[in-house]
Amino acid sequence: MRRCIPFTLTLLTLALLTACTGKPGDTPPQPEQPPAPRVETPPTEQPKDAYIAPFTGLGSPVKLEQRPIMVMINNAPPARPQSGLNQADLVYEVLAEGEMTRLLAVFHSQRPDVIGPVRSIRPYFIQIGVGLDAVLVHAGGSPEALGTLARSDYSHLDEIPNGRYFWRETFRKAPHNLYTKPDLIDQAIRDKGMRTRGELPRLSFLPADAVIAEGEPARQIDITFHPLNKAGFQYDAEKKKYLRLTAGKPHLDLTTGEQLSAANVLVIAARHRVLDKEGRRQVDVVGPGDGYLFQQGTARKIKWKRQGGVIRAYEDAALTKELPLLPGNTWVEIVPNAPSLSHYVKFQ
């Protein structure tokens, strides 16, 4: 009888434990825990640039007070594609001799690694550059242009007596192979004691989010300087820029491979006169005259005049209401005014 007691106690202990713990499936449901609060980090605001680049209207972290440089760029077919044009604030395209254009590239807010090929200067190129207070970079020039530079105190760098600030590449033949770069130009400016601080004209710019509501559709621009010399621009709505074409093909930068582009394309009709059997010209870059301003895939008929050193677009014949530019770079295409503006430029 005594031997049964431990067994009985064991059964009693198990019964008590079972009563206390219950079956596994009998565990009462636990209350759901509320989700942890979601902490959202506010987006970091990008710091706004303290200054505005005077020739592009874009922000700049530093105040741009230095003089611009304007380089005469060869645009003959053997010189294409060129280097550095994609980083120019302003580019002026205008006829030289042989129905071929030259590109006057103005560098201020950006510094390309290489610029060229460099070619010669003309009197109307000088007028454009002096209005911008630019240092003029060229390789020789017409007799009239060189005479103008010799009689003036205009800051310029001519490769012919200053070859150490330039070099010639071997992958092209002369005269289509002359190059320079900003560091060499800066060194020349210091060596020659040129003024470094610019007396810069100011351009008028729209806000960055501006939408052009007026004008005719102009997604394709065709500019014919000569049947053998055609340029153009196609509007890219995604990039919000006009992409440059030459001879019907994308006009690229040799160094980067990028297609050249512009936020603004200003086409102006100016008086042209051939001066001699060499085909040298006199071109009126002061105006006034007629033209078109192309922005955001639209075209507006304008009047133009060089005021305050810069060719500007106006919406009225009295030249009192200047049309601002979109922030970004600008190409100015200068075509003859005869027989008519529409003879040289078409758009759709």
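Throughout, residue positions are numbered sequentially from 1 according to the sequence presented. Computed from heavy atoms alone, side chains included, the values below leave out hydrogens, waters and symmetry copies.
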Report yes if some heavy atom in the side chain of Pro54 is under 4.5 Å from a heavy atom in the side chain of Leu203; otherwise report no. no
Stepwise side-chain contact (heavy atoms from CB on, under 4.5 Å) check, Gln234 with Tyr242: CA-CA 5 Å; Gln234 287 180 335; Tyr242 280 99; over 6 Å; no
Partners meeting side chain to side chain contact (heavy atoms under 4.5 Å, CB included) with Glu216 (sequence neighbours left out): Phe347
Below 4.5 Å, heavy atoms only, C-beta onward: do Glu93 and Arg244 meet side chain to side chain? yes
I would like to know whether Val283 and Val94 meet side-chain contact (heavy atoms from CB on, under 4.5 Å); could you show each step before the answer? CA-CA 9 Å; Val283 178; Val94 59; 4.2 Å; yes
Side chain to side chain, Ile268 and Asp290, heavy atoms closer than 4.5 Å: no
Any chance the side chains of Gln127 and Arg306 put a donor and an acceptor closer than 3.5 Å? no
In Å and rounded to the nearest 0.5 Å, what is the CG to CG distance from Asn264 to Asn329? 7.5 Å
Using modelled atom types and a 3.5 Å cut-off, is there a donor and acceptor pairing between side-chain atoms of Arg312 and backbone atoms of Lys305? no
Ile223 versus Phe233, closest heavy-atom pair with distance: CD1-CE1, 4.2 Å
Would you say the side chains of Arg67 and Ser155 form a donor-acceptor pair under 3.5 Å? yes
Side chains of Thr101 and Asn75: is there a donor and an acceptor less than 3.5 Å apart? yes
Measure from the side-chain N and O atoms of Gln220 to the backbone N and O of Gln348, and report whether any donor-acceptor pair falls under 3.5 Å. no
Report yes or no: does Ser340 contribute a side-chain atom to a donor-acceptor pair with the main-chain N or O of His343 at less than 3.5 Å? yes
Can a side-chain donor-acceptor contact be found between Asp89 and Ser109 if the only test is distance below 3.5 angstrom? yes
Begin with the C-alpha distance, continue with both residues' side-chain angles, and end with the deciding distance and a verdict on side-chain contact (heavy atoms from CB on, under 4.5 Å) for Tyr51 and Lys63. CA-CA 6 Å; Tyr51 303 99; Lys63 192 172 185 179; 3.8 Å; yes
Cluster question for you: counting only ILVMFWY and a side-chain heavy-atom cut-off of under 4.5 Å, with indirect links fine, are Leu245 and Tyr235 together? no
Pairs satisfying ring-ring contact (aromatic ring centres under 6.0 Å, His included), at least one member in residues 74-126, at least two apart: Phe55-His108
Report the distance from atom CD of Glu159 to atom CZ of Phe166, rounding to the nearest 0.5 Å. 6.0 Å
Separation between OG of Ser83 and NZ of Lys181, rounded to the nearest 0.5 Å: 13.0 Å
Tyr344 (side chain) donor-acceptor with Ala338 (main chain) under 3.5 angstrom: yes
The test is salt bridge (charged side-chain N to carboxylate O under 4.0 Å, His left out); show your working for Arg219 and Asp236 and say whether it passes. CA-CA 8 Å; Arg219 293 185 171 272; Asp236 186 317; over 6 Å; no
Show the nearest heavy-atom pair for residues Gly116 and Gln82, with the distance to one decimal. O-CB, 3.3 Å
Is there a donor in the side chain of Ser120 and an acceptor in the side chain of Arg122, or the other way round, less than 3.5 Å apart? yes
Counting distance only, does the side-chain N/O of Asp133 pair as donor-acceptor with the main-chain N or O of Glu199 below 3.5 Å? yes
Rounded to the nearest 0.5 angstrom, the OG1-CD distance for Thr180 and Gln187 is 11.5 Å
Rounded distance (nearest 0.5 Å) linking atom OG1 of Thr298 with atom CD of Glu214: 9.0 Å
Lys321 vs Glu315, test: salt bridge (charged side-chain N to carboxylate O under 4.0 Å, His left out). Steps then yes/no. CA-CA 6 Å; Lys321 299 178 181 178; Glu315 62 177 311; 5.6 Å; no
If you look only at distance, which donor and acceptor atoms sit under 3.5 Å apart when one is on a side chain in residues 138-151 and the other is two or more places apart or in another chain?
unit_1: His138; atom_1: ND1; unit_2: Gly140; atom_2: O; d: 2.7
unit_1: His138; atom_1: NE2; unit_2: His156; atom_2: ND1; d: 2.9
unit_1: Ser142; atom_1: OG; unit_2: Ala145; atom_2: N; d: 3.2
unit_1: Thr148; atom_1: OG1; unit_2: Glu144; atom_2: O; d: 3.0
unit_1: Arg151; atom_1: NH1; unit_2: Gly147; atom_2: O; d: 3.3

Looking at residues at least two apart in the chain, or sitting in another chain, which of them share a side-chain hydrogen bond (donor to acceptor under 3.5 Å, both in side chains) with Asn229? none
When rounded to the nearest 0.5 angstrom, what is the spacing between CG in Asn86 and CD in Gln259? 11.5 Å
Residue pair Trp331 / Glu333, side-chain donor-acceptor N/O under 3.5 Å: no
Do other residues, nucleotides or ligands put more than 12 heavy atoms under 6.0 Å from the CZ atom of Arg271? no
For Asp276, give me all partners under salt bridge (Lys or Arg N to Asp or Glu O under 4.0 Å), at least two apart in sequence or on another chain. Arg280
Taking every non-hydrogen atom, the tightest pair across Arg168 and Asn177: NH1-OD1, 2.7 Å
How would you list, by chain and number, every residue that makes a side-chain hydrogen bond (donor to acceptor under 3.5 Å, both in side chains) with His176, sequence neighbours excluded? Asn74
Restricting to non-hydrogen atoms, name the atom on Gly328 and the atom on Ala263 that form the minimum distance, rounded to 0.1 Å. CA-CB, 4.0 Å
Would you please test Trp304 and Val286 for side-chain contact (heavy atoms from CB on, under 4.5 Å) and show each step? CA-CA 9 Å; Trp304 71 272; Val286 176; 5.7 Å; no
Do Val91 and Val332 come close enough that some side-chain heavy atom pair is under 4.5 Å? no
Identify the two heavy atoms, one from Leu266 and one from Ala313, that lie closest to each other, and give their separation to 0.1 Å. CD1-CB, 4.0 Å
Is it true that, when you exclude Asp191 itself, more than 12 heavy atoms of the residues, nucleotides or ligands shown sit nearer than 6.0 Å to its CG? yes
